[in-house]
Amino acid sequence: MTTVDVDRGQLRNQDFDTTVRGACPHDCPDTCAFIYHVKDGRLVDVVGDPDHPMTRGGLCVKLHDFASHHYNPDRVLHPQRRTGPKGSGEFTRISWDEALKEIRERWTDIIATHGSQAIMPHAYLGHQGTLNGLTSGDAFFNRLGSSVAEKTYCESTSSTAWIMTVGPTGGLDVESLAYAKYIIVWGMNMTSTNLHAWPFVLEARRNGAKVVVIDPVRTRTAKQADWHVAIRPGTDGALALGMMNVIITEDLVDHDYVEKYTLGYEDLKARAEEYPPDRVAEITGIPADDIRKLAREYATTQPAAIRQGVAIERSRGGGQAIRAVTCLPALVGAWRHVGGGAVEMPIWEFPTNFDKICRPDWIRPGTRVINELDLGAALTGELELDPPVMSLFVYNSNPVSQAPSQEKLVRGLQREDLFTVVSELFISETARFADIILPAAMQAEQYDIMITWGHLYMMLNQPAIAKPGEVLPNVDMFRRLAKTMGFTDAYWDMSDDEMLLEFYDWNAPQLQGITLDLLKEQGYARLNVGAPDTRAPHAQGEFKTPSGKCEFRSSAAANGNFVVPVWRSMYEEMQPGDPVDPVPDYIPPYESAVSNPDLADRYPLSLVSPKPHGFLNSQYGNEVYQNKIQGPQKIVLHPDDAAERQIETGDTIRMFNDRGSLEGIAAVNDTVYRGLVLANVGYWASRNSSGTSVNALSSDKHSSIGMAGSYNDILVQVSKVNGQVKVETSTGGAGRRS
Ligand SMILES: Nc1nc2c(c(=O)[nH]1)N[C@H]1C(S)=C(S)[C@@H](COP(=O)(O)OP(=O)(O)OC[C@H]3O[C@@H](n4cnc5c(=O)[nH]c(N)nc54)[C@H](O)[C@@H]3O)O[C@H]1N2
Ligand SMILES: Nc1nc2c(c(=O)[nH]1)N[C@H]1C(S)=C(S)[C@@H](COP(=O)(O)OP(=O)(O)OC[C@H]3O[C@@H](n4cnc5c(=O)[nH]c(N)nc54)[C@H](O)[C@@H]3O)O[C@H]1N2
Ligand SMILES: [Mo]
């Protein structure tokens, strides 16, 4: 038998004796349907399911050799104990019994001395399953009484702002993009990060749609669009308000829709009046005429769709910007049409019983919440915590690569009195600092329903091969840890299927006709939420907000800087934070020439650090093929900025600010405007000559709503490196040089 590998367009000629249906484990909106090919018990290939309406038989370059990723000789297959100094990467094999005994003894001691809140979990979306993903450890840690981890690496601001505006709705289906006549891809590099939705954009274009990309960078997606609108990072709120200003001034508003299905139009109108195109042009760097044209085209070319990327949230005003963008479709009545409205993430259509997964009822009253992006501050004592964090348990996450302020974080992880356990597939940049490493299973070895945030199919992954060595799926690891800590709750005795039956509301209308057995047979099933060619979820309002309307003036804003519970381990009390303006506004970045001119004197360049095409966050940063696709760590800068610094393409250059530095290879071109530099996240620090990666530069300040990071709200300076490479961080960087 032969299969076609779509991404290379060539025959793989792999022999196999068994096929098993699976699904991609990654934190990506596409959640592709897999077919595992197995021969004699060995995984020989993984291909995209040609019948799945989004996967369409193609996988991305990251998944190019997913079968051999399972057999990477660097995988952690057994528990390990540290033997060298912290961060040295020196470990020796121990048994699970020894590892669990040490964890029990150290934790028992820490709990007796400091209390259970001295233990901090740290998890994100290394795996996207219901059993093994974002929330897999929540029940365990809530039961243990640890600090509650607020997991706001991604989407927490977007989702909070979205829910404040339209409620927990799936919104526009990406497959319905095919029926749009005007598509704005706003802060998303779709052809890298949402590749399987791009064909629907192309289909729309074949039918006459115009495609606009709003991005500071002329990305591979922007190059394929009809119009690239280059915006300064962190200024999207101003652009959306400027568009509203034009739409309202020129009376392009759908008054009937606004009247029937929205709340707070007069407030929004008053706010938009503050943002005439000339003012917005100054803020965003977009010519005023372009702002007018964009507003007019968007309002008058229906159905108009907005594909919102996560990048909009990653600056100080990110939350209000997403509020503003999310108001646009209601203002022009785009929701009336199939293919009109906005796509944020459709996760809310899945009837997931998060309270049954996470067990918030086990959180002891008064338990503190620590935000994961504050990890460096929490470990170094910059954040005054009583008790201090004495033990850290990391799973599904690589904070040294992905969390902000790398130098501070590394300093914290080097604390000799900190007991760090990391569950991993590889000795990641974070696992390098562990006292104990626990070996985790990879996708072809485990079972799960994947949580999807980019389409409307429920996806089941079934194991195709035996687990190598002593690896464990996260769900099994937490069962073992629960027994180790003496927990006797029925929760820990549930089988995987019993859990999945409890973790979803199988009687909900969306799951009518869908059963676990059906998923085992078919691999996936579309939710009963209407077909892409007829679905118009808000044609008659029916927003899931308290008022049932699209809330231009948010009734939830009174709660302040709250975070949607999923990101807070279902912490019950939504703690009020900074007051939030109930009407969208533009909040200037923390770091820009306007908001901080002194800082801009020293660090005149804005940095964006978007996703790498070849890696999935830091995953595959250690793989040969993906490194070939991605190339070495590049720093992209504009020809004028380069010339001023005598920099040419290919030079080794150093980017720095007060928080740290990064070395990379200069790529001089005009995909970035003058004053903007780009360096992708995801490279392994140990493979960069500086021993750091781009988060050495980022700050641990949060977005104004929803506590996301401010990764694209950073000022830096760049200079040429002459002669000897000098490492600037006090710790010598995050990792060893290779
Ligand atoms: N290949 C690949 N795919 C991925 C991932 C990966 O690592 N690699 N990661 C996955 C994950 S976890 C996520 S969250 C998604 C994220 O996917 P996206 O939403 O696409 O996010 P980013 O790649 O961070 O940024 C997208 C674009 O936003 C631009 N940008 C930066 N700041 C701003 C701004 O302030 N305003 C505007 N309008 N644009 C801005 C950047 O230049 C970039 O081109 O991708 C997923 N898919
Ligand atoms: N500068 C900058 N920083 C960013 C971003 C950015 O755009 N720019 N993006 C942010 C975003 S959107 C996100 S989502 C975060 C991502 O942050 P993370 O989720 O921490 O990112 P990953 O690099 O994917 O790290 C996941 C780790 O989990 C491990 N893993 C995978 N599967 C399993 C498993 O089944 N079990 C266990 N125990 N471990 C497993 C992987 O080997 C990997 O080391 O990064 C954020 N950081
Ligand atoms: Mo993300």
Side-chain angles (χ1 to χ4, degrees), residues 25-30 60-62 122-129 132-134 136 151 153-155 158 185-190 192-195 213-222 229 231-236 239 307-315 317-318 321 372-373 394-404 422-426 428-431 438-443 446 448 453-454 471-474 477 589 606-622 630 672 676 678-682 693-695 697-698 708-709 711-714:
H26 291 312
D27 181 4
C28 166
D30 294 12
C60 64
V61 292
K62 307 181 287 299
H122 187 102
Y124 206 67
L125 269 174
H127 188 272
Q128 205 164 261
N132 297 295
L134 183 74
S136 66
K151 306 167 192 156
Y153 271 98
C154 174
E155 267 291 339
S158 305
V185 179
W186 200 319
M188 185 178 226
N189 187 5
M190 270 181 99
S192 279
T193 60
N194 190 192
L195 183 65
V213 168
I214 302 174
D215 195 305
V217 181
R218 201 166 77 250
T219 59
R220 58 197 303 137
T221 309
V229 178
I231 187 171
R232 291 197 185 109
T235 65
D236 303 276
L239 175 59
R307 189 2 164 170
Q308 301 176 201
V310 190
I312 313 173
E313 78 177 15
R314 302 192 221 286
S315 53
E372 291 191 347
L373 303 183
V394 182
Y395 58 103
N396 276 347
S397 182
N398 186 4
V400 169
S401 172
Q402 302 301 119
V422 179
S423 160
E424 254 298 348
L425 305 170
F426 295 98
S428 66
E429 312 282 32
T430 306
L438 300 174
M442 211 178 264
Q443 188 72 335
Q446 57 191 357
D448 215 336
W453 54 275
V471 303
L472 281 188
N474 294 333
M477 172 181 74
S606 288
L607 167 68
V608 288
S609 56
K611 305 301 189 185
H613 184 69
F615 309 147
L616 190 282
N617 296 311
S618 69
Q619 299 184 67
Y620 305 102
N622 59 341
Q630 185 61 32
V672 291
L676 182 73
L678 177 150
N680 284 127
V681 70
S693 48
V694 74
N695 275 319
L697 286 301
S698 57
Y711 298 105
N712 293 326
D713 187 342
I714 302 166

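This is a predicted model, so every value here is computed, not measured. All ligand and atom numbering here is 1-based and tracks the order in the structure.
Those atoms of ligand 2 with a heavy atom of Asn695 less than 4.0 angstrom away are 1 (N), 2 (C), 3 (N). If you number the atoms of ligand 2 from 1 as listed, the ones under 4.0 Å from a heavy atom of Asn396 come out as 19 (O), 26 (C), 27 (C), 28 (O), 33 (C), 34 (C), 35 (O), 36 (N), 37 (C), 38 (N), 39 (N), 40 (C). The ligand atoms of ligand 2 that sit less than 4.0 angstrom from a heavy atom of Ser423 are 37 (C), 38 (N), 39 (N). Taking every heavy atom of Ala440 and a limit of under 4.0 angstrom, the matching atoms of ligand 2 come to 36 (N), 37 (C), 38 (N).
Distances shorter than 4.0 angstrom do not occur between any heavy atom of Asn132 and any atom of ligand 2.
In terms of heavy atoms, Arg307 sits closest to Met188 at NE-SD, 3.6 Å. Between Pro399 and Val394, the shortest heavy-atom distance links the atoms CD-CG1, 3.9 Å. Counting all heavy atoms, side chain and backbone alike, Gln402 lies closest to Ser618 at OE1-N, 3.5 Å.
Counting heavy atoms closer than 4.0 Å to ligand 2, residue Ala441 contributes backbone atoms (N, CA, C, O) but none from C-beta onward. Residue contacts with ligand 2, taken as heavy atom pairs separated by less than 4.0 Å, involve Asn474 solely via side-chain atoms from C-beta onward.
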Open item on the list: Please determine whether side-chain hydrogen bond (donor to acceptor under 3.5 Å, both in side chains) holds for the pair Asn712 and Ser315, giving the CA-CA distance in whole Å, both sets of side-chain angles, and the decisive distance to 0.1 Å.
Closed with: CA-CA 6 Å; Asn712 293 326; Ser315 53; over 6 Å; no
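Evaluation of the side chain to side chain contact (heavy atoms under 4.5 Å, CB included) rule for Ser698 yields Pro404, Asn695, Tyr711, Ile714 as partners, not counting sequence neighbours. Under the rule for a side chain to side chain contact (heavy atoms under 4.5 Å, CB included), the partners of Arg218 that lie at least two apart in sequence or sit in another chain are Ala222, Lys223, His228, Asp670, Thr671. The ring pair (Phe, Tyr, Trp, His ring centres under 6.0 Å) check on Tyr620 picks up His26, His69, with sequence neighbours excluded.
Checked against Ser192 for a side-chain hydrogen bond (donor to acceptor under 3.5 Å, both in side chains), the options Lys611, His613, Lys62 give a single hit: His613.
Residue Tyr395 has no nitrogen or oxygen atom sitting less than 3.5 Å from a nitrogen or oxygen atom of ligand 2, judged on distance alone. Residue contacts with ligand 2: Ser428 is placed with no nitrogen or oxygen under 3.5 Å of a nitrogen or oxygen of the ligand (distance criterion only).
Taking OG of Ser423 as the reference point, atom CG of Asn474 lies at 5.0 Å (rounded to 0.5 Å).
A distance-only check finds no donor-acceptor pair linking the side chain of Asn617 to the backbone of Gln619 [under 3.5 Å].
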Report all N/O contacts between ligand 1 and the protein shorter than 3.5 Å as a table of atom names and distances to 0.1 Å; if there are none, say 'none'.
{"from": "ligand 1", "atom 1": "1 (N)", "to": "Lys62", "atom 2": "NZ", "distance (Å)": "3.2"}
{"from": "ligand 1", "atom 1": "1 (N)", "to": "Ser192", "atom 2": "O", "distance (Å)": "3.1"}
{"from": "ligand 1", "atom 1": "1 (N)", "to": "Pro612", "atom 2": "O", "distance (Å)": "2.9"}
{"from": "ligand 1", "atom 1": "1 (N)", "to": "His613", "atom 2": "O", "distance (Å)": "3.2"}
{"from": "ligand 1", "atom 1": "3 (N)", "to": "Ser192", "atom 2": "O", "distance (Å)": "3.3"}
{"from": "ligand 1", "atom 1": "7 (O)", "to": "Phe615", "atom 2": "O", "distance (Å)": "3.4"}
{"from": "ligand 1", "atom 1": "7 (O)", "to": "Asn617", "atom 2": "N", "distance (Å)": "2.6"}
{"from": "ligand 1", "atom 1": "8 (N)", "to": "Pro612", "atom 2": "O", "distance (Å)": "2.8"}
{"from": "ligand 1", "atom 1": "8 (N)", "to": "Phe615", "atom 2": "O", "distance (Å)": "2.7"}
{"from": "ligand 1", "atom 1": "17 (O)", "to": "Thr193", "atom 2": "OG1", "distance (Å)": "3.4"}
{"from": "ligand 1", "atom 1": "19 (O)", "to": "Val310", "atom 2": "N", "distance (Å)": "2.9"}
{"from": "ligand 1", "atom 1": "20 (O)", "to": "Asn189", "atom 2": "N", "distance (Å)": "3.0"}
{"from": "ligand 1", "atom 1": "20 (O)", "to": "Thr193", "atom 2": "OG1", "distance (Å)": "2.8"}
{"from": "ligand 1", "atom 1": "23 (O)", "to": "Lys611", "atom 2": "N", "distance (Å)": "3.0"}
{"from": "ligand 1", "atom 1": "24 (O)", "to": "Arg314", "atom 2": "NH2", "distance (Å)": "3.3"}
{"from": "ligand 1", "atom 1": "28 (O)", "to": "Asp215", "atom 2": "OD2", "distance (Å)": "3.4"}
{"from": "ligand 1", "atom 1": "32 (N)", "to": "Asn712", "atom 2": "ND2", "distance (Å)": "3.1"}
{"from": "ligand 1", "atom 1": "35 (O)", "to": "Gly234", "atom 2": "N", "distance (Å)": "2.8"}
{"from": "ligand 1", "atom 1": "35 (O)", "to": "Asp236", "atom 2": "OD2", "distance (Å)": "3.3"}
{"from": "ligand 1", "atom 1": "36 (N)", "to": "Asp236", "atom 2": "OD1", "distance (Å)": "3.3"}
{"from": "ligand 1", "atom 1": "36 (N)", "to": "Asp236", "atom 2": "OD2", "distance (Å)": "2.7"}
{"from": "ligand 1", "atom 1": "38 (N)", "to": "Ile214", "atom 2": "O", "distance (Å)": "3.2"}
{"from": "ligand 1", "atom 1": "38 (N)", "to": "Asp236", "atom 2": "OD1", "distance (Å)": "2.7"}
{"from": "ligand 1", "atom 1": "42 (O)", "to": "Asp215", "atom 2": "OD1", "distance (Å)": "2.8"}
{"from": "ligand 1", "atom 1": "44 (O)", "to": "Asp215", "atom 2": "OD1", "distance (Å)": "3.4"}
{"from": "ligand 1", "atom 1": "44 (O)", "to": "Asp215", "atom 2": "OD2", "distance (Å)": "2.6"}
{"from": "ligand 1", "atom 1": "47 (N)", "to": "Thr193", "atom 2": "O", "distance (Å)": "3.3"}

